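Data first, discussion second: the structure below is written as structure tokens.
Letters A, B, ... are given to chains in the order of the sequence lines, protein chains preceding strands, and every chain is numbered from 1. If you're wondering where the values come from, they're calculated on a predicted model, not measured in any experiment.
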Amino acid sequence: MRPRDELRSRLTALCVQRGWPAEEVAVERPNDRARGDWASPVALALARPLRRAPREIASELADALSLDSTRWEEPEVAGAGFLNFRLARPYLQDVVRRLIEEPDGHMRSDRLAGRRINVEFVSSNPTGPLHVGHARNAALGDGIAALFASQGADVTREYYFNDAGRQMDILGASVHARYRQMTEPDFPFPDEGYQGEYIADLAREFAVEHGDAFRDVPLEECLAEFRSFAGERISAGIRADLERFRVSFDVWFNESTLYRDGRTEQTLEELKALGAAYEKDGATWLRATDYGDTEDRVLVKSTGHPTYLLPDLAYHRDKHERGFDQAIDIWGADHHSYAVRMQAGLTALGYPADWLRTVIYQQISLIEDGEEVRLSTRKNRMVTLRELLDDVGVDVTRWFLLMRKGDTHMTFDLDLARRQSDENPVYYVQYAHARLAGVFTRNERPEWDPALAGVPGSLDRLNAEREIDLLRALDDLPDVVADAADALEPHRVTDALEELARRTHLWYHDHRILVDDEHLARARLALARACANALREGLALLGVEAPETM
RNA sequence: GCGCCCAUAGCUCAGCUGGAUAGAGCGACAGCCUCCGGAGCUGUAGGUCAGAGGUUCGAAUCCUCUUGGGCGCACCA
């Protein structure tokens, strides 16, 4: 059992035993680590109901705990009545053994084993290349999926293509117009058409493939041709960009299949049967206000065509029927009101409130030449994921997009990213790994390498202050990853890895590893190996490489 | 006008279910390589946590209002 969980359950048990009102005892990090590894303010909370001094309550709990001395030092009562707990040396030193014996298992857990979780993300329409906003979506979605997987969940990464809507027609018409303009410069461009340069590129590709065959064909007769050509090319580009970004999907779901199988109608019928849908003004409405939305929403327009909402509800109903215990959707802030109506629809269908969890991330503002760049697929200015990867690379892009929590309005300074990319913290973390790796590649005592010799018996020689700090940073990681998974917040992992890298650099700077004292040297080599393993596992979790040399 | 999100050091951001003197990186200034990798390390300066009330033993964190910013308010997708 993890130390924090041990404290929580022991303290809770003691309170229950005494009949004290404590359903769940808080165990948290002291804000100053010098106070201890964990702390509980439980005595402060109990002071009033028990009408006793908090320090007195804390002392009673401390005396009653009788913790295992190989894991814990004696608890302390401090301040107004805090209980402070410090992990014992043998426990901390043992983290090195665990990291060497199971190099890729330190941050893994099986607490979500058997849970089937669907993470749907990106899901960009195939009407244009992925831009930096989609990149944030991709990084977050993939990071969250990886976090769940690390906790033992059975994770499916899924991409939903809206390939059935009017946007695809506009795309086809846009490419068609550019194609015609190659020979007729005055050919009209659709009012709502996509302006990007990539449309003209697609038109040229179309011309290479089909020549003049469609020069004189009216749009009505060849729209399907242009639509599918453009859609397929763009989809292929999206897949290629994502693959390069190290994001791979298990399921590519096409909206069009929902209509083919009649699942939109089934969903509509079910909503009607449940009394959650009604007719008004010739349209069919969802009673979204009954489930927390600010107004009711149209499911089927008076024209008889469904809105976006109905197929999306059908799609999530499909996920539910495929047996997922939980669905996670990653959406940009421009969809936040949409998340509310989705939740309303799913609640109406009878799903538990937390079956769908939506992660709403805020827009990225791009700064280039000191000015804000407005992002738009329709207009011709955007920064694509591909350009971003060309400029700063996969590792920097992923790290940068993951290191901030989703609800910050982040700014991405392109000039800074391009010009001063060595200042990015990802290099700091990667360098820590490369430095440690260097110790082993240049090791003049290969026989002391724990990879060959096994875990040394001299781990109790790791007692320098910076060694203990480093051991603590290593032992923190499993809790950080577990909490990050529960909170859907990958940035907690980047923070923890930066902290680990900092501790690694500090230790490396102050202490020589290959000292003459064989027992100490073996212990330090083991610590170096343990740190390298932890850095590698943590970086891998985030889809970032851990280079041996830089 | 209504709804959602945000406001913490010069800049970019952390601060985990409210807890004990508010942190990091970058930037600025001053230092450290005879030594396993200096993409490193050490030190200094820099904050009325947007403002005002409230709840609480305790508030950057919860509630209300105000100010400022982003996003959304379609029988578009």
Side-chain angles (χ1 to χ4, degrees), chain A residues 24 26-32 35 39-41 44-45 47-48 54 78-82 84 125 127 162 164-168 170 192 255 280-285 293-295 297-309 311-312 332-340 360-363 365 400 403-413 416 420 422-425 427-432 434-445 479-480 483-484 486-487 489 491-492 494-495 498-499 501-502 504-506 508-515 521 524-525 528 549-550:
Chain A
E24 194 173 330
V27 174
E28 59 206 18
R29 290 271 184 226
N31 57 7
D32 182 355
R35 291 202 172 90
S40 179
L44 279 74
R48 177 174 282 245
F82 289 91
N84 289 342
N125 293 359
T127 54
N162 291 113
R166 203 170 67 92
Q167 296 304 318
M168 296 304 293
I170 296 173
E192 292 186 297
E255 180 192 0
K280 193 184 86 179
D281 303 335
T284 310
W285 299 69
D293 205 346
T294 51
E295 49 195 289
R297 306 292 177 176
V298 174
L299 291 162
V300 182
K301 297 181 253 180
S302 54
T303 60
H305 294 289
T307 64
Y308 202 59
L309 181 57
D312 237 3
D334 54 343
H335 282 70
H336 65 77
S337 64
Y338 203 76
V340 176
I360 305 289
Y361 62 92
Q362 299 301 316
Q363 262 14 44
S365 17
F400 194 92
M403 67 187 282
R404 278 114 161 141
K405 68 179 171 207
D407 53 13
T408 71
H409 302 262
M410 65 182 286
T411 60
F412 200 124
D413 188 328
L416 195 72
Q420 300 179 307
D422 340 356
E423 289 167 9
N424 194 297
Y427 289 103
Y428 184 78
V429 178
Q430 289 181 316
Y431 179 54
R435 260 184 143 178
L436 295 175
V439 173
F440 293 97
T441 54
R442 280 184 276 272
N443 183 6
E444 63 264 34
R445 297 266 164 65
D479 297 317
V480 170
D483 292 347
D486 291 342
E489 290 182 350
H491 79 273
R492 297 192 193 191
T494 60
D495 281 0
E498 277 186 58
E499 180 64 20
R502 186 172 304 116
T504 300
H505 286 306
L506 287 168
Y508 187 93
H509 186 265
D510 275 16
H511 298 286
R512 199 177 155 75
I513 294 171
L514 291 163
V515 289
R524 286 186 173 161
L525 275 170
T549 60
M550 290 177 72

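Here A:His491 reaches the OP1 or OP2 of B:rG15: one of its side-chain N or O atoms lies under 4.0 Å away. Regarding contacts with the backbone of B:rC41, a side-chain N or O of A:Tyr428 is found under 4.0 angstrom from either OP1 or OP2. At least one side-chain nitrogen or oxygen of A:Lys301 sits closer than 4.0 Å to the OP1 or OP2 atom of B:rC76. Considering only side-chain N and O atoms, A:Lys405 lies nowhere under 4.0 angstrom from the phosphate OP1 or OP2 of B:rC5. Distances shorter than 4.0 Å separate some side-chain N or O of A:Arg435 from OP1 or OP2 on B:rG38.
Partner of A:Arg435 under the side-chain hydrogen bond (donor to acceptor under 3.5 Å, both in side chains) criterion, out of A:His509, A:Gln430, A:His505: A:His505 alone.
Under the Watson-Crick or G-U wobble criterion, with both distances below 3.5 Å, B:rG3 is paired with B:rC71. Under the Watson-Crick or G-U wobble criterion, with both distances below 3.5 Å, B:rC13 is paired with B:rG23. Summarising the base pairing, B:rA45 is matched to no nucleotide, lacking a Watson-Crick or G-U wobble pair whose two defining distances lie under 3.5 Å.
Between A:Ala437 and A:Gly406, the residue anchored nearer the 5' end of RNA chain B, judged by the nucleotide with its closest heavy atom, is A:Gly406. Heavy-atom nearest nucleotides on RNA chain B were determined for A:Phe440 and for A:Met403, and the one closer to the 5' end corresponds to A:Met403.
At the heavy-atom level, A:Ala434 lies under 4.0 Å from base atoms of the strands shown. Across all strands, A:Ala39 comes closer than 4.0 Å to base atoms (heavy-atom distances).
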Pair A:Met410-A:Phe400, side chain to side chain contact (heavy atoms under 4.5 Å, CB included): steps then yes or no: CA-CA 10 Å; A:Met410 65 182 286; A:Phe400 194 92; 3.2 Å; yes

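Glycosidic torsion of B:rC33 falls within 90° of 0, placing the base in syn.
With centroids closer than 5.5 Å and planes inclined by less than 30 degrees as the test, A:Tyr431 and the base of B:rG40 fail to qualify as a stacked pair.
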